2 protein chains.
Amino acid sequence: MTEVPARERLMDAAVEAFAERGFHATTTRDISTRAGMSPAALYVHHASKEQLLYEISSAGHLNTRHMLADAYASTADPVARLATMQFEFTKWHAVHSKRARVVQYEISALTPEHRREVAGHRRDIERIYQDAIREGADKGVFEIEDVPGTALALISMAIDLVRWYQPDGPRTPDSVAQLYADLALRAVGARTA
Amino acid sequence: MTEVPARERLMDAAVEAFAERGFHATTTRDISTRAGMSPAALYVHHASKEQLLYEISSAGHLNTRHMLADAYASTADPVARLATMQFEFTKWHAVHSKRARVVQYEISALTPEHRREVAGHRRDIERIYQDAIREGADKGVFEIEDVPGTALALISMAIDLVRWYQPDGPRTPDSVAQLYADLALRAVGARTA
DNA sequence: GTCTATACCTTGATAGAC
DNA sequence: GTCTATCAAGGTATAGAC
């Protein structure tokens with residue numbers, strides 16, 4: 001029985017607290033208490049409250065960007081590709097709904113430098129969606145007029161899920177992911193067999 | 001030349017500040033300074049910082065709920081109805097993107113009582129979307145398996161817009177609204193003439 | 001209704017013992 | 001690496017003069 005290191009316990013506690021109350025409403029006392037430590041112990045493992053947020057945010061963005069790149073590379077068929085992307089992206093937001101809430105909604109609490117870095121990851125994610133949609137349109141399997149706008153709409157569907165999703169509610173991550181993948185294909189006017 | 005009353009100036013200043021930094025990162029000094037007053041003057045016109053947020057949030061929710069009810073009642077044709085609803089709902093979020101950001105993302109900063117009240121308005125809004133989608137499905141003009149899930153997806157598209165929309169960017173409220181109305185009709189599998 | 005001044009509290013972060 | 005104790009700063013809200 002391996003114990004969870006204090007550093008990770010603090011990160012998990014921070015995710016919970018930031019997701020429930022938001023970064024600015026969360027105190028370092030709240031985080032350290034949730035992790036079963038004194039307020040001072042936090043600073044042995046993390047430089048500051050903002051640094052803790054940055055670690056969570058950065059990891060989350062890298063994670064989803066990587067996941068989408070994999071989904072993109074998994075096939076050359078535009079329909080299967082976009083379906084896989086939307087399925088995986090949606091599922092991630094449902095499975096990690098608390099973490100995702102922090103990743104998506106607390107960017108403004110980052111330092112300008114950290115915010116710029118994260119903004120770069122977001123542009124990468126948008127670009128992957130745009131590429132997937134554009135290729136489908138070029139091959140004539142999608143019917144699209146506004147590629148960047150449509151990309152934003154699909155991304156929005158998946159991300160906004162964290163505003164309402166309840167892990168103990170009736171919807172499983174797979175069921176929402178399947179629904180949103182279907183809706184995405186319809187939205188791009190995918191030719192069905 | 002009528003002057004804007006101090007009470008309204010403070011509300012406008014609060015919208016700006018809450019939208020830029022979030023409720024908890026905004027100070028009463030920030031709000032009152034933006035409105036051209038001392039910190040103490042705020043409390044002559046509003047009982048507290050939370051009350052100010054509640055007024056903004058309540059008005060925004062009533063506004064959008066009313067707008068959707070009007071759009072719903074404007075026609076009996078399911079296709080035109082849903083298109084109008086999505087157009088108006090999206091356009092509102094683009095035109096009032098700052099206000100909408102506060103309305104949609106700062107609910108957790110409300111008192112439990114105020115939060116409950118606002119949650120009721122949100123349920124009403126969801127229900128209007130569900131009714132519009134269900135009727136289209138019943139009449140055979142939409143092809144829908146999951147009515148509540150599809151409603152959430154369409155609402156999410158419009159709401160998440162406030163996370164990225166820039167008033168001085170290339171997209172006008174009307175252009176985004178038109179795009180999202182089109183995407184909504186496709187997503188529900190609307191029969192086109 | 002506006003101001004200046006301030007009470008009172010909580011915050012992020014540190015010091016120093018163990 | 002953990003704790004207790006604490007600091008300096010900044011927060012909401014109020015008091016009281018004008």
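Owing to the predicted nature of the structure, the values given are computational and were not obtained by experimental measurement. By convention in this document, chain letters (A, B, ...) are assigned in the order of the sequence lines, proteins followed by strands, and residues within each chain are numbered from 1.
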Can you tell me if the side-chain N/O atoms of A:H45 get under 4.0 Å from OP1 or OP2 in D:dT2?
yes

Nearest-Å distance, CG (B:D30) to P (D:dG10)?
14 Å

Rounded to whole Å, CG of A:L52 lies from P of C:dG12 at a distance of 11 Å

Applying ring pair (Phe, Tyr, Trp, His ring centres under 6.0 Å) to B:H114 and not counting sequence neighbours gives B:Y54

Under 3.5 Å, which donor-acceptor pairs link side chains of residues 74-84 of chain A to any protein atom two or more places apart or in another chain?
{"unit_1": "A:S74", "atom_1": "OG", "unit_2": "A:A71", "atom_2": "O", "d": "2.7"}
{"unit_1": "A:T75", "atom_1": "OG1", "unit_2": "A:D77", "atom_2": "N", "d": "3.0"}
{"unit_1": "A:D77", "atom_1": "OD2", "unit_2": "A:A80", "atom_2": "N", "d": "3.1"}
{"unit_1": "A:R81", "atom_1": "NE", "unit_2": "A:Y72", "atom_2": "O", "d": "2.9"}
{"unit_1": "A:R81", "atom_1": "NE", "unit_2": "A:T75", "atom_2": "O", "d": "3.1"}
{"unit_1": "A:R81", "atom_1": "NH1", "unit_2": "A:E135", "atom_2": "OE1", "d": "3.0"}
{"unit_1": "A:R81", "atom_1": "NH2", "unit_2": "A:Y72", "atom_2": "O", "d": "3.3"}
{"unit_1": "A:R81", "atom_1": "NH2", "unit_2": "A:T75", "atom_2": "O", "d": "2.8"}
{"unit_1": "A:T84", "atom_1": "OG1", "unit_2": "A:A80", "atom_2": "O", "d": "2.7"}

Across all chains, not counting sequence neighbours, the side-chain contact (heavy atoms from CB on, under 4.5 Å) partners of A:S108 are none

Atom pairs and distances, side-chain donor-acceptor, residues 11-24 of chain A, under 3.5 Å, sequence neighbours left out:
{"unit_1": "A:E16", "atom_1": "OE1", "unit_2": "A:K98", "atom_2": "NZ", "d": "3.1"}
{"unit_1": "A:E20", "atom_1": "OE1", "unit_2": "A:R34", "atom_2": "NH2", "d": "3.1"}
{"unit_1": "A:R21", "atom_1": "NE", "unit_2": "A:D30", "atom_2": "OD2", "d": "2.9"}

Write down the atom of A:G140, the atom of A:R191, and the distance for their closest heavy-atom approach.
O-NH2, 3.0 Å

Partners of B:R127 by salt bridge (charged side-chain N to carboxylate O under 4.0 Å, His left out), sequence neighbours excluded?
B:D124

Which parts of nucleotides 13-18 of chain D does protein reach within less than 4.0 Å, heavy atoms only, written one letter per nucleotide 5' to 3' as B for base, S for sugar-phosphate only and - for none?
BBB---

Can I get a per-line list of side-chain donor-acceptor pairs under 3.5 Å for residues 150-160 of chain B, giving both atom names and the distance, sequence neighbours left out?
{"unit_1": "B:T150", "atom_1": "OG1", "unit_2": "B:D146", "atom_2": "O", "d": "2.7"}
{"unit_1": "B:S156", "atom_1": "OG", "unit_2": "A:D160", "atom_2": "OD2", "d": "2.5"}
{"unit_1": "B:S156", "atom_1": "OG", "unit_2": "B:L152", "atom_2": "O", "d": "3.1"}
{"unit_1": "B:D160", "atom_1": "OD1", "unit_2": "B:R163", "atom_2": "NH1", "d": "2.6"}
{"unit_1": "B:D160", "atom_1": "OD2", "unit_2": "A:S156", "atom_2": "OG", "d": "2.5"}
{"unit_1": "B:D160", "atom_1": "OD2", "unit_2": "B:R163", "atom_2": "NH1", "d": "2.5"}

Between D:dT2 (P) and A:E3 (CD): distance, integer Å
10 Å

Quick one, which residues of residues 4-27 of chain B touch DNA chain D with a heavy atom under 4.0 Å?
B:T26, B:T27

Apply ring pair (Phe, Tyr, Trp, His ring centres under 6.0 Å) to A:H96 and list each qualifying residue two or more places apart in sequence or on a separate chain.
A:W92

